[in-house]
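Down below is the structure, laid out as structure tokens.
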Amino acid sequence: MNIFKFGGASVKDAEGVKNVVEVLKVTGHKQKVVVVSAMGKTTNALERVISCYFNKESQLSQEINDLEMYHQVILDQLFSNRSHEVYSKVSAFFSDLKRFLKHNKSPKYDFVYDQVVGYGELISTTIISNYLQDIGLENQWLDVRSCIQTDSTYRDAKVNWETSQEAIQAQVNKSSLTITQGFIGADDNNYTTTLGREGSDYTAGIFAYCLNAESVTIWKDVQGVLNGDPREFENTTLLEQISYEEAIELAFYGASVIHPKTLQPLQRKEIPLYVKSFLNPTTQGTAVSKGQTLVPHTPCFIVKKNQVLISLSSLDFSFIVEDNISEIFSLFHKYQMKVDLIQNSAISFSVCVDNKFRQLNNLINHLKAKFKVTYTEGVSLYTIRHFDDVAVKRIEGQFDVLLKQVATETVQLVVKA
């Protein structure tokens with residue numbers, strides 16, 4: 001049993017869907033679970049739908065219509081007959097979306113977010129499953145919400161492993177081809193939940209763990225895991241081998257090619273993860289497994305943009321010690337701030353945080369009651385694993401460095417462009 005994951009870029013149009021078929025033909029389509037993301041930039045489009053729902057209701061209908069037309073074009077290019085049942089299935093999902101937005105009573109952004117964005121994966125997998133069926137590739141379409149059970153932490157749900165494993169093992173036919181959704185699950189009340197942005201990789205890891213799969217392959221538009229995002233860094237190098245531990249380190253610091261949660265269940269059962277190009281499926285790619293830390297051994301560059309650098313100092317010049325730090329971190333937890341870097345001295349404390357849940361103003365107001373607070377929005381956090389002087393100077397020469405922290409294997413720099 002093998003698990004494949006295809007992201008939005010791989011199925012952004014009809015040609016992408018046809019290319020998925022070619023990958024399955026090259027690699028074999030039996031004994032596979034294929035986890036698929038929303039098509040192209042659909043999740044971004046659905047986020048705009050949510051924004052209009054809360055702030056620009058006059059534009060809501062147009063946003064939904066544009067998204068419906070985008071999928072209509074893909075349908076028309078894949079299916080020759082508009083009477084095909086897939087059209088009514090996709091139309092039903094859009095009807096459900098509109099019905100939810102019309103009748104929803106909850107003012108909570110995170111709840112609405114999860115109920116809306118999940119339609120992207122449900123629609124993409126429906127289209128792909130039906131297309132595969134039409135060309136003779138028998139498959140089972142599986143609603144992942146009946147398998148992956150979570151708590152009700154909307155936008156960052158925690159998996160109930162015991163019930164999820166029982167459901168997955170009961171519903172997946174290991175000898176055939178299963179098409180299912182990434183990113184989403186369901187809570188005890190059958191409301192849709194999401195596993196965090198880019199959570200489709202995590203979904204693949206969950207299925208692999210629960211099914212004792214031989215491997216997981218993530219199909220990307222790059223040749224494998226590179227030592228830096230080619231959109232941000234020039235002259236990147238393919239990493240042929242990464243240990244689980246090193247991959248988790250890279251993911252923790254924000255390497256976008258692998259979701260931070262994906263590797264943990266795979267490591268527990270020593271299930272190898274491969275990252276390959278869906279454009280060249282027979283090439284080597286990157287293997288993440290037990291073994292050498294990094295092959296080749298080279299500096300790895302990671303950048304997180306749109307971060308916030310917060311600096312605190314005591315109002316009376318007293319030391320910032322354990323009691324203060326404990327209180328500060330309880331506030332970070334309360335306001336859902338992910339801390340990416342910490343630096344402190346006797347009377348000051350600096351952190352670089354991700355304002356993902358848009359709670360910065362509430363946090364700052366709370367902190368000002370006990371500390372002198374300064375903060376800078378829109379900073380970038382650069383992390384270099386296995387750094388050398390040349391690698392560090394490469395970043396320092398481009399930006400104004402606000403904070404620098406050096407450890408044995410890792411240097412981090414908070415910069416203002």
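Numbering of residues begins at 1 and proceeds along the displayed sequence.
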_I218 and K276: CA distance, side-chain angles, deciding distance, side chain to side chain contact (heavy atoms under 4.5 Å, CB included) verdict_ = CA-CA 6 Å; I218 297 175; K276 293 188 175 185; over 6 Å; no
*Geometric class of the Y109/Y113 ring pair [parallel <30°, tilted 30-60°, perpendicular >60°]*: tilted
*asked:* Determine whether V308 and T376 satisfy the following criterion, side chain to side chain contact (heavy atoms under 4.5 Å, CB included), listing intermediate values before the conclusion.
replied: CA-CA 6 Å; V308 183; T376 305; over 6 Å; no
*Shortest non-hydrogen contact between A167 and S146, atoms and distance*: CB-O, 3.7 Å
*Between R394 and F301, is NZ or CZ placed under 6.0 angstrom from the six-membered ring centre and within 45° of the ring axis?*
yes
*Could you pull out the closest heavy-atom pair between W141 and S129, with the gap in Å?*
CB-OG, 3.6 Å
*Spell out, as yes or no, whether a donor-acceptor pair under 3.5 Å connects the side chain of N189 to the backbone of Y191.*
no
*What's the shortest heavy-atom distance between T153 and K158, and which atoms?*
CG2-NZ, 4.4 Å
*Under a 4.0 Å N-O cut-off, is there an ion pair linking K290 with E270?*
yes
*asked:* Please determine whether the number of non-hydrogen atoms from other residues, nucleotides or ligands lying under 6.0 Å from atom CZ of F329 exceeds 12.
replied: yes
*asked:* Tell me whether N19 contacts the main-chain N or O of F278 through its side chain, where contact means a donor paired with an acceptor under 3.5 Å.
replied: yes
*Which heavy atom in T193 sits nearest to a heavy atom in D151, and how many Å separate them?*
CG2-O, 3.6 Å
*Is E68 paired with K98 through a side-chain N to carboxylate O contact shorter than 4.0 Å?*
yes
_Candidate pair S380 and K416, rule side chain to side chain contact (heavy atoms under 4.5 Å, CB included), full reasoning_ = CA-CA 6 Å; S380 295; K416 186 72 174 177; over 6 Å; no
*Considering only NZ, NE, NH1 and NH2 on the basic side and carboxylate oxygens on the acidic side, decide whether K304 and D354 come within less than 4.0 Å.*
no
*Measure the acute angle between the ring planes of F6 and W219, then classify it against the limits of 30° and 60° as parallel, tilted or perpendicular.*
parallel
*Would you say the side chains of S200 and S37 form a donor-acceptor pair under 3.5 Å?*
yes
*Going by the side chain to side chain donor-acceptor pair (under 3.5 Å) test, which pairs reach into residues 341-351, not counting sequence neighbours?*
S311-S350, S345-S348
*asked:* Quick one, T410 with R385, criterion side chain to side chain donor-acceptor pair (under 3.5 Å). Give me CA distance, side-chain angles, the key distance, then yes/no.
replied: CA-CA 5 Å; T410 307; R385 288 279 295 167; 2.8 Å; yes
*Under the salt bridge (Lys or Arg N to Asp or Glu O under 4.0 Å) criterion, do D114 and R155 qualify, and how do the steps go?*
CA-CA 6 Å; D114 278 12; R155 296 186 70 194; 5.4 Å; no
*asked:* Which residue is it: V351, V353, L403, L309? I am looking for the one with a side-chain contact (heavy atoms from CB on, under 4.5 Å) to L341.
replied: L403
*Would you name the heavy atoms of V36 and S124 that are closest together and state the gap between them?*
CG1-OG, 4.0 Å
*Without hydrogens or angle criteria, can the side chains of Q292 and H297 be said to hold a donor-acceptor pair below 3.5 Å?*
no
_Which residue in the set I328, N355, V339, L363 passes side-chain contact (heavy atoms from CB on, under 4.5 Å) when paired with I310?_
L363
*In terms of side-chain heavy atoms, does Q412 have a donor or acceptor partner in T383 at a distance below 3.5 Å?*
yes
*Sole candidate of L177, V21, L132 that passes side-chain contact (heavy atoms from CB on, under 4.5 Å) when paired with H29*: L177
*Under 4.0 Å between a Lys/Arg side-chain N and an Asp/Glu carboxylate O for K56 and E63?*
no
*asked:* Any salt bridge linking K393 with E396? Criterion: basic side-chain nitrogen under 4.0 Å from a carboxylate oxygen.
replied: no
_Passing candidate, side-chain contact (heavy atoms from CB on, under 4.5 Å) with N139, options V34, I179, T125_ = I179
*Just checking, any donor-acceptor pair under 3.5 angstrom between side chains of Q62 and D66?*
yes
*Nearest-0.5 Å distance, CG of residue L60 to CD of residue E57*: 6.5 Å
*Identify the two heavy atoms, one from N173 and one from T178, that lie closest to each other, and give their separation to 0.1 Å.*
O-OG1, 4.3 Å
*asked:* Looking at R268, I want to see if its CZ is surrounded by more than 12 non-hydrogen atoms of other residues, nucleotides or ligands under 6.0 Å.
replied: yes
*Got a donor-acceptor contact below 3.5 angstrom from the Q307 side chain to the G378 backbone?*
no
*Any cation-pi pair here, K269 with Y209, using under 6.0 Å and within 45°?*
yes
*Determine, for D110 against K108, whether the closest basic-nitrogen to carboxylate-oxygen distance falls under 4.0 angstrom.*
no
*Pairing residues for D187 by the salt bridge (charged side-chain N to carboxylate O under 4.0 Å, His left out) criterion, not counting sequence neighbours*: none
